[in-house]
S.K.: 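Submitted below is the structure of interest, expressed as structure tokens.
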Number of protein chains: 2
Amino acid sequence: MPSTTNSTKETTANGAKAPPKKERRQVHERVFSHMRRGLMIGAFLPGQSMSLRKLAERFGTSPMPVREVLSRLVTANALEEMPSGSVRVPRLNSEKLEDLFSVRELVEGAAAERAAGNVTPELIATLHDINNRLIETIEKRDILGSLSLNQEFHFTLYHASGSDVLMPMIESLWLQFGPTMYMSLLIPSVPWNAEDHERILTALEKGSATEVRKGIVHDIRTTRDALLSVSSEHGLAELPFVSSAEFSMNY
Amino acid sequence: MPSTTNSTKETTANGAKAPPKKERRQVHERVFSHMRRGLMIGAFLPGQSMSLRKLAERFGTSPMPVREVLSRLVTANALEEMPSGSVRVPRLNSEKLEDLFSVRELVEGAAAERAAGNVTPELIATLHDINNRLIETIEKRDILGSLSLNQEFHFTLYHASGSDVLMPMIESLWLQFGPTMYMSLLIPSVPWNAEDHERILTALEKGSATEVRKGIVHDIRTTRDALLSVSSEHGLAELPFVSSAEFSMNY
DNA sequence: GATCTCACAATGTGATCAATAGGCCAATTT
DNA sequence: AAATTGGCCTATTGATCACATTGTGAGATC
């Protein structure tokens, strides 16, 4: 029995970091939230392959928690598994993109319609605040800020639906088109504005669930058209405008 | 002697098996498919907690692949994570159940409607065959067979939609209500038949996408009513009719 | 007799190890 | 000179290890 393996990790394990281990899943939580946010905000490019060890080194941990996080993201269809076992950010062709956005209309439209039934003055005020900050970032051409606030707007609205079933679905959808969406905003010809959000807010104030749904569907369609135009014009496959490594973990 | 826990599997670990390792992820694939099928078919009861080491011993592997599989199932909302870190099969209250089934109507209805647009004679023949076998198992009161063939009927239809986005969503939904559905069939007062499927097949042959969707929605509603009646009559929370351990891995 | 406490058994988490398969680059051959 | 093949390097995968925490049960105390 080789049970007498020398335990030579007292120096390398956590000698430099994390002296107090107060909460469970501390590392896992940190890695997962960073990866999720990174995918939604464009820290990783479509086609980029994720290395277990590289990411582990980046986060200052062992490959173990990263392994679990990547595995979970594969389940959420945010990453795809290569036959070799390595995982990478999927490249979406226009067909997959259309599929993705038609499901977005279906699911997020339903979430928005439900949310309209649970609307409160506080919700409207919060959404107004988010949207105002979003407009500011748009005027400053702040891509990361815009993406972040746009996501916050949508998810705040959907959260009001009160559905624990719809929310994970929507999160999975956003993780799937996130990396591609970031790239589309890099194209100067793609305009971004918050007009659809204004329309949604008006419908919310009116209390019209149907119009809220239509507003969300229209917003999704606008985003889809932008992504598809990028896809057709630029080929979508090879768009290494930026080395995403420069952006990694900078949010 | 606190280390007496791991002395029981030195023979089963890998000494007797797996001399040829041909494919990658051999163990992972096996564990995942067993767990998925087990959840859909009632091998695990709602509320049952899953032990990493127990399951690993059951599958004859180390806890490592099991850990990853359970983590993935948590991401798919098929299992829930306790604050202590252990995972278990969720207990669904009627509120969650209603939410789940309304989303089923939305998503599976859309998948069925799309599938109707891609209908082929082969698909109809396949569905007829599945349904005929399903009717046989129903007459024999074969719970496991009925569940399996019912699932095959639905997934074959949805697969014809050709959507790589809808399919994972539907699979996640089925994993969520799977354990509860199994229990409902244990109640003698709950009738099960395949009448809805007949209606769906007729609509498919007529080529009416709308009627196909309505047929699926009706079928889902029938299932929902059965589950909810069980939930209200029997409390749904404590229904340890069977020790699921007796069924484990028997499929 | 009930409750509180302490100790032990058990579980998940993170780290490390061993082995195998895949990718990459260079050298050699045609 | 180009293509193919060989070997080296690195990647993930599955197993084992160590530790911190949780949960449980027995025993003592009020």
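Quick note on labels: first sequence line is chain A, next is B, and so on, each numbered from 1.
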S.K.: Please determine whether a side-chain nitrogen or oxygen atom of A/Ser62 lies at a distance below 4.0 Å from atom OP1 or OP2 of C/dA15.
M.R.: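 Looking at the OP1 and OP2 atoms of C/dA15, one of them is under 4.0 Å from a side-chain N or O of A/Ser62.
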S.K.: Please state how far atom CG in A/Leu70 lies from atom P in D/dA11, giving the value in whole angstrom units.
M.R.: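 So the two atoms are 14 Å apart, to the nearest Å.
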S.K.: Look at the side chain of A/Ser84 and decide which nucleotide, out of C/dG14, C/dG22, C/dA15, has an atom nearest to it.
M.R.: C/dG22
S.K.: To the nearest Å, give me how far apart CZ (A/Phe59) and P (C/dA15) are.
M.R.: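 The distance from CZ of A/Phe59 to P of C/dA15 comes to 13 Å, rounded to the nearest Å.
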S.K.: Taking side chain as C-beta onward, heavy atoms only, is A/Arg224 less than 4.5 Å from A/Leu227?
M.R.: no
S.K.: Write down the distance between NE2 (A/His28) and C1' (C/dA15), rounded to a whole number of angstrom.
M.R.: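 Checked: the NE2 to C1' distance equals 16 Å.
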S.K.: Without decimals, in angstroms, what is the distance between B/Glu57 CD and C/dT11 P?
M.R.: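 After rounding, the reported distance stands at 10 Å.
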S.K.: So does A/Ser86 get a side-chain nitrogen or oxygen closer than 4.0 Å to the phosphate oxygens (OP1/OP2) of D/dA11?
M.R.: no
S.K.: Would you say that A/Glu171 contacts A/Met40 through its side chain, given a criterion of any heavy-atom pair below 4.5 Å between the two side chains?
M.R.: yes
S.K.: Both B/Pro65 and A/Gly85 contact DNA chain D. Which one's nearest nucleotide lies toward the 5' end?
M.R.: A/Gly85
S.K.: Would you say B/Trp174 and B/Arg104 make side-chain contact, with heavy atoms under 4.5 Å?
M.R.: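 Heavy-atom side-chain distance check passes, below 4.5 Å.
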S.K.: Considering only side-chain heavy atoms of B/Arg53, which listed nucleotide, C/dA15, C/dT11, C/dG14, is closest?
M.R.: C/dT11
S.K.: Less than 4.5 Å apart, side chain to side chain, heavy atoms only: is that true for B/Ile170 and B/Val107?
M.R.: yes
S.K.: So, does the side chain of B/Arg67 form a donor-acceptor pair with the base of D/dG14 at under 3.5 Å?
M.R.: no
S.K.: Output yes when B/Glu81 and A/Arg72 qualify as a salt bridge under the 4.0 Å nitrogen-oxygen rule, no when they do not.
M.R.: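 Salt bridge: yes.
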S.K.: For B/Met64 and C/dG12, what is the distance between atoms CE and C1' respectively, to the nearest whole Å?
M.R.: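 Taking CE of B/Met64 and C1' of C/dG12, I get 12 Å after rounding.
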S.K.: Measuring to OP1 and OP2 of C/dA10, would you say a side-chain N or O of B/Lys54 lies under 4.0 angstrom away?
M.R.: no
S.K.: For B/Arg88 and C/dG12, give me the distance from atom CZ to atom P, rounded to whole Å.
M.R.: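 Atom-to-atom, B/Arg88 to C/dG12, this comes out as 14 Å.
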S.K.: Where the side chain of B/Leu52 is defined as all heavy atoms beyond and including C-beta, which of C/dG12, D/dG14, C/dT16 is the nearest nucleotide?
M.R.: C/dG12
S.K.: Between C/dG14 atom C1' and B/Glu68 atom CD, what is the distance in whole Å?
M.R.: 15 Å
S.K.: Whole-Å distance between C/dG23 C1' and A/Met82 CE?
M.R.: 12 Å
